[in-house]
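Letters A, B, ... are given to chains in the order of the sequence lines, protein chains preceding strands, and every chain is numbered from 1.
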Amino acid sequence: MHISHPARRTSDLALFKAMLAQLIVSGLATGSLYALLALGLVIVYKTSNVLNFAQGEMAMVSTFVAFTFLETLQMPYLWAFLLAIVASFLFGAAIEVALLRPATNPTPLGLIIVTLGVQQVLYGAAGWIWGYDTKTFPSPLSDTKIYRLGRVVLSEVNLWILTASIILMVALLLFFRYTRVGVAMRAISQNPTTARLMGTRTPWVLSLTWAIASVLGAVAGMLIAPITFLDPNMMLNPLLKAFAAATLGGMNSLAGAVVGGGSLGILENLVGGYLTPELKDSVAFFVIILVLCLRPSGLMGRHYRRRV
Amino acid sequence: MLRISNIETSYGPIRAINGVSLEVPEGRIVTLLGGNGAGKSTILKTISGLLEDQPDKGTIEFMGTRLNGLDPEQIVRLGITHVQEGRTIFEELTVEENLLMGAYVRRDVHGVQRDRARVLGHFPVLGQRLNQRAGTLSGGEQQMLVIGRGLMAHPRLMLLDEPSLGLAPAMVKEIFQIIKTINEEGTTILLVEQNARMALQVAHYGYLLEAGRIVLSDDARALSENEDVRDAYLGIAVEGSPKGFKRYKKKKRWR
């Protein structure tokens, strides 16, 4: 058969489009994991004004807990998943109560150092308990089973990453918009003194934000573990990406964290696909530097005045 | 209803309140007058528990319960709402959400709905802005929102700090009219004001505070006829600064 020139051009274009779509969709899946971690960072930052460097290690520990449920106790996956979420909720709250709350007259810097300490302790403890060797995280989701959406291909793992992230984000949105405690959390982040006068029990609400952040991390960790494998270092890279995503989004905006995570994931994948895979991991840092130079409050951040 | 006996409050080493006693009977509007830095707001903050470990000395009693040492979140549950100075709204929340925050401690859904309707009756303009972010309201509207939010707790005692601060004269009149109505509907009010003229018009009783001490107290009418008060507080607005020096001398005499 004779193939005419224009036809070949259109097929090139179609190929280009398909590849672009593919890179975007799989980038979005990775990005939604960054977004989950970034959301955890943002809600803690908004309510307690602390950059939580332990967010990644908290997620790592929760993932190891899920691993213990699955491997040592041989629980079915769904049960292990749900129990790990409950455990991470309590774990997050416990860290706030035990380590951050006792700080008297805390400065933001002092609290950041505390979170760094928590991060180191968790890292060491995880290595001590579970060992530093890399483990395979058993998961019912297959990395090789593939779904087709038009021309785009999506592995089962990625499909679930996207689904779970979206469900969690919507749940979080509804929580902050429509529940009494959710609205109170937003109020506290804007004006803690006035919120106390309304009767909010500020310390408990703070613990709750840590608990929620911990759950977000746990879900991200359990979703990412089948891909990256399991070891105490697993969250190092994702957490740095999450910081970049949160900075890009504006650090104090929930929507910003989602948009920042998504766009960072896509950007990474495009750089990896079209430029060179070597630069893929550096993208996050270019993003941080660029954002801080050009638009310090991020894409969607709003720095409103804090009243004393 | 509220009885304060001989309280002393300090910010660190600096003593702001020096043995103040005052009483707010149920159903009344009592006003606390005084210049800048006299300690009016400090007294309100001491009552509502915002100043940790304060008062140093003395007791605060509300309907038989001692408030000393309670947290603000406990005190608000006893029925005391502190409406702070300035427009301390939650800017990023909508007007509706701000109002709901005011009713945070309440569980009676129907009562909250009734009070919401009552607040929107007092401040119809808020009703038109329910889904707007509170930060976009004008200054006067924000002040209305702060008072409305305070009412949402259905307080027995409302501590009102400078509700007229920075408002246009017409708005000041409106706000004070509403304060009077709120009181007639059954809320007891302790009102802190720099605008002595307006405050004495709505209040039943008044205390005059100077440098952390009560120097004068009387019925609101008697106070507004008192020569010293007229000169020092009611006069300023009309006669301006030339009287300033004389006012200073008079203040000295009270101590």
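At a threshold of 4.0 Å, the pair D161(B)-K45(B) does not count as salt-bridged, since none of the basic side-chain nitrogens sits closer than that to a carboxylate oxygen.
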Identify each donor-acceptor pair in which a side-chain atom of residues 256-264 of chain A lies under 3.5 Å from a protein atom, sequence neighbours left out, and give them as a table.
from, atom 1, to, atom 2, distance (Å)
S263(A), OG, V259(A), O, 2.5
S263(A), OG, G260(A), O, 3.4

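Ring centroid separation for the pair F176(A) and Y178(A) does not come in under the 6.0 Å cut-off.
In this structure, a donor-acceptor pair under 3.5 Å is absent between the side chains of R129(B) and T94(B). Between Y34(A) and E268(A), the side chains place a donor N or O and an acceptor N or O closer than 3.5 Å (distance only, hydrogens not considered).
If you measure heavy-atom distances from L50(B) to chain A, the contacts under 4.5 Å come from the side chain alone.
Residues of residues 182-189 of chain B lying under 4.5 angstrom from chain A, judged on non-hydrogen atoms, do not exist here.
Between chain A and the options V76(B), I75(B), I80(B), the largest number of non-hydrogen pairs under 4.5 Å is found for V76(B). For the options R77(B), R149(B), H82(B), heavy-atom pairs under 4.5 Å to chain A are most numerous at R77(B).
Put simply, OG1 on T47(A) and CG on N252(A) are 11.5 Å apart, with the number rounded to the nearest 0.5 Å.
Taking a 6.0 Å sphere around CZ of R114(B), one finds it holds 12 or fewer heavy atoms contributed by other residues, nucleotides or ligands.
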